[in-house]
Every structure is written in C-alpha cells, then in structure tokens.
Amino acid sequence: MIRNDSRGPLAPHDNAHSNGQDGPTEPIRDPLTAVAESISDDPSVSELIAFRRSTPDLQAVAIDAKRCGDEARRLLIGSHHPDPRNRAWVALAIAGLSCGAIVAIWPCDTVHDAHAKMALAEASVLHGDDAERGEAATLDAAGATRIRLQRAAYAVDPLIVPPGPAAPSQEDRGLAQWPIRHFDLVDLSPPSAGDVLLSPREIARWGLFLKAEPPFGDRLARVEQMFAIADRLRVLARQAEDGARELRWACEGALILAYMAAAQIAIWPALKHSPEAQAKERLVTVVNARASRGDPAHMQAAVRHLYTEAAWPAHGWRPTATVVNEPDWIPIV
C-alpha cells in the first residue's frame, strides 16, 4: 500500500510485472468480508467450530489498521470532494476501521492476540484519554463514554499479558532501537504524519474500494440469523451431557460472525432516508437487545465504538447527505 514501508502493499494480490510496469489488479476487498465470507448464512456446527479456531493474525491486522488510518489522515489534508484523493482517504478510513473491528471483535486466545489489541488501542487512543494524576477532568459525558467504549472494545484480561521487555542494563548499547513493548505499532509502521506515501495509481485504486459497499440488507439478515444460532447453541451447550465444549466453540463462532456483520453496517456510510440508513437504525435496536445477553462485552463495545468512529469517513464521503448521528445506545460501560 505504502512506499518506504518494509511490509509492502496492504493488498498482496496487487499484481505487478517484474519489469516494474503495472499489471492487472484485482479490487481491494473489504477486510471483514474476506475474513467471514467462507461461512454461509446456514452453517453447520463443524463449520462454526472451524471458523472459531481459524484465528487471523491479529498483529498483522493491527498493523494494517494503523497504516490505513495514518494514510487516510495524510490524504485528508488538502482534500476536496469529490476528487480522487477524497475518495481514497474515505476508503482508507473505512478499511482501517474494518481491520480494527477484526482485532477488537475476535476473542483474545493468546499473548500474541493480547499484544495486538493493546497496541491498536494505544495507537487509536482518543483525545482526552491521557490525563495525568493531578489534572482536572475536562471531558463531557459523551467524550467520557467514547473513551470507555474504546477501552472496552480492546480490553484484555491482564492475566494473559506478561511483563514488558527487560530494561537495558548500564552496559547495554543500541538504545535507539531498544524495545519499549513486545509489539509496538509505532516501530512497525511509518510515522503517522508527513507527506502522502501513496502513488497516484494507488490513490485511484483505493477510490474504487468504495464500490465494495456490502449489501446492508443481507448483512443485517446475517446479524439476526447468527444471533439466533448463537442463542440456541448457548442453551444447548448448557443442557448437553456430551459435546458441550464444541457447542460453546460454535456459539462463539456464530457471535463473531454476527458482530463482524454488524460492524460492516456500522462502519460503511449511508445516505439519509435510504434503505441503508434504515438498516443502520435497525442495527442499533438489534445490538441494544444484546445488552442483556451473555455476549462478550468487548464485542458489544466494539460495534458501539465503531459506529461513532465511522462518522469521520461518512461525513467526508457525502457531506451533509450521509447519516452522521450518535445512536441512543443502552449503556454497557
């Protein structure tokens, strides 16, 4: 995606000839669709278990989330609708939030996963979340809620996180590269400010990403279907004498699929008074109904957090014509 980045393009399927000339390219895909597309809307228990066990590399996804978000901000400076740079920064912001959704929604199974969540939470920290001891609080209620939802979305059980890297001794050298954290997004990606790093061709290609808008009606139906499956599997797991563990894994798989589909609706922009806007309103009702369920709190917080953060690219996509509002969420934090 970005020049001067050792990780190379964000979309590996971007084909190029060995002589340096651009070859045919495939469209950049929605990260959430790419993760969940292998599972149908009527999955078997074995398919749900396999999906739950197929944990993506959350650290790699966290890096992509930061890279997309940083490049979106670079492009945003001086961008004017509807030029290609404007479409590209909106697309990159959507892709960045989508990668963040994967990191936030997926359960934390290993220390590797914990480091990814903690690093992305720190990289995307909200303004006002850095008050030091002795400073007076200056946040309003809405700002405080946003901060707590962001924290809850990337929450990690402290028992799963080991101590940080060892501090240098008095004789150690190489201090300019001494690790501060086990997984540091600042060290693994270019500086977040500065000149635009995308080429004109890459900017144009990212603008085409907006054509990958998911079908909101289908996504909403998937959300409700997966929630229904998860609820039944949860009850069956409690009653089962054999195979309860497998049913719980399948239940978690269905919940991940539900919340990932919900995240797509929350992230992608919708025009006012459109069917997509109605789907967003319905999503709020559906997700609010989960507040009294046994769903993991980080999944519920993730959708609420992403819905709010998606106002940024939504407003840039069609100023004054897109839905940019704060839903009436049932508080969970």
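All residue numbers refer to positions in the sequence shown, counting from 1. What you are looking at is a predicted structure, and each value in this text was computed from that prediction instead of being measured.
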Quiz item: cation-pi between R87 and W206, 6.0 Å / 45°: no

Stepwise side chain to side chain contact (heavy atoms under 4.5 Å, CB included) check, R290 with R293: CA-CA 5 Å; R290 307 304 298 182; R293 300 285 183 175; 3.7 Å; yes

Check: T322 and K272 side chains under 4.5 Å, non-hydrogen atoms: no

Under 3.5 Å donor-acceptor, T145 side chain and A141 backbone: yes

Short N-O contact, D231 and R234, less than 4.0 angstrom: yes

W89 ring center near F209 ring center (under 6.0 Å): no

Donor-acceptor contact present, side-chain R232 to main-chain A228, <3.5 Å: no

Residue pair R219 / Q264, side-chain donor-acceptor N/O under 3.5 Å: yes

Polar side chain donor-acceptor pair, D172 to S169, under 3.5 angstrom: yes

Residues which pass side chain to side chain contact (heavy atoms under 4.5 Å, CB included) with E252, listed by chain and number, not counting sequence neighbours: R52, P107

Shortest non-hydrogen contact from A114 toward V156: CB-CG1, 3.5 Å

Rounded distance (nearest 0.5 Å) linking atom CG of L32 with atom OG of S98: 4.5 Å

Cluster link Y154 to V161, ILVMFWY, side chain under 4.5 Å: no

Side-chain donor/acceptor of E326 to backbone N/O of T308, under 3.5 Å: no

Atom pair CG/SG of L48 and C251 - distance to nearest 0.5 Å: 9.5 Å

Verdict with supporting geometry, Y307 and W312, ring pair (Phe, Tyr, Trp, His ring centres under 6.0 Å): CA-CA 10 Å; Y307 200 112; W312 171 47; over 10 Å; no

Pairwise side-chain contact, L283 with P327, heavy-atom cut-off 4.5 Å (strictly under): no

For H112 against D57, the heavy-atom pair lying closest together: CE1-OD1, 2.9 Å

Side chain W178, main chain A166, donor-acceptor under 3.5 Å: yes

Test item: P179 and D184 side chains (from C-beta on) under 4.5 Å apart, heavy atoms: no

Short N-O contact, R53 and D109, less than 4.0 angstrom: no

In one Ile/Leu/Val/Met/Phe/Trp/Tyr side-chain cluster, 4.5 Å: M299, V286: yes

Heavy-atom check, side chain of V61 versus side chain of P31, under 4.5 Å: no

Atom pair OG/CD1 of S292 and I330 - distance to nearest 0.5 Å: 7.5 Å

Donor-acceptor contact below 3.5 Å, side chain H305 vs main chain I147: no

Test side chain to side chain contact (heavy atoms under 4.5 Å, CB included) applied to I265 and K280, step by step: CA-CA 6 Å; I265 300 172; K280 280 182 173 285; 4.0 Å; yes

Pairwise distance CD1(I160) to SG(C108) - rounded to 0.5 angstrom: 4.0 Å

V324 reachable from L76 in the ILVMFWY side-chain graph, under 4.5 Å edges: no

Point-to-point distance, once rounded to the nearest 0.5 Å, from CG of L233 to CZ of R248: 12.0 Å

Backbone of G316 reached by a side-chain donor or acceptor of N86 within 3.5 Å: yes

pair H115-L185: side-chain heavy atoms closer than 4.5 Å: no

Backbone N/O of I105 and side chain of H298: donor-acceptor pair under 3.5 Å: yes

S124 vs Q150 side-chain heavy atoms within contact, under 4.5 Å: yes

Under 3.5 Å donor-acceptor, N288 side chain and D328 backbone: yes

NZ or CZ of K117 within 45° of F183 ring axis and under 6.0 Å: no

Side chain to side chain contact (heavy atoms under 4.5 Å, CB included) between L198 and R205, worked out: CA-CA 10 Å; L198 289 178; R205 184 164 180 254; over 6 Å; no

Residue D157 excluded, over 12 heavy atoms near CG under 6.0 Å: yes

pair D70-L197: side-chain heavy atoms closer than 4.5 Å: no

Smallest separation among heavy atoms of I102 and P56, with atom names: CG2-CG, 4.0 Å

Residues clustering with L149 (ILVMFWY side chains joined when closer than 4.5 Å, directly or via others): I332, V333

W268 and F216 aromatic centres sub-6.0 Å: no

Under-4.0 Å salt bridge between R74 and E71: yes

Beyond-backbone contact of Q278 with H273, side-chain heavy atoms, under 4.5 angstrom: no

Check: D41 main-chain N/O paired with Q225 side-chain donor or acceptor under 3.5 Å: yes

Same apolar cluster: V103 and M118, side chain cutoff 4.5 Å: no

Parallel, tilted or perpendicular: rings of Y259 and F227 (30°, 60°): perpendicular

Shortest non-hydrogen contact from L306 toward A263: CD1-CB, 3.9 Å

Check: S44 main-chain N/O paired with E47 side-chain donor or acceptor under 3.5 Å: yes

Inter-residue atom distance S54.OG - I49.CD1, 0.5 Å rounding: 12.0 Å

Side-chain ion pair, R282 and E224, N-O less than 4.0 Å: yes

Closest non-hydrogen atom pair between A270 and A277, with its separation: CB-N, 3.7 Å

Where I229 and A254 come nearest, the two heavy atoms and their spacing: CG2-CB, 4.0 Å

Working for side chain to side chain contact (heavy atoms under 4.5 Å, CB included), residues L271 and V323: CA-CA 6 Å; L271 294 174; V323 176; over 6 Å; no

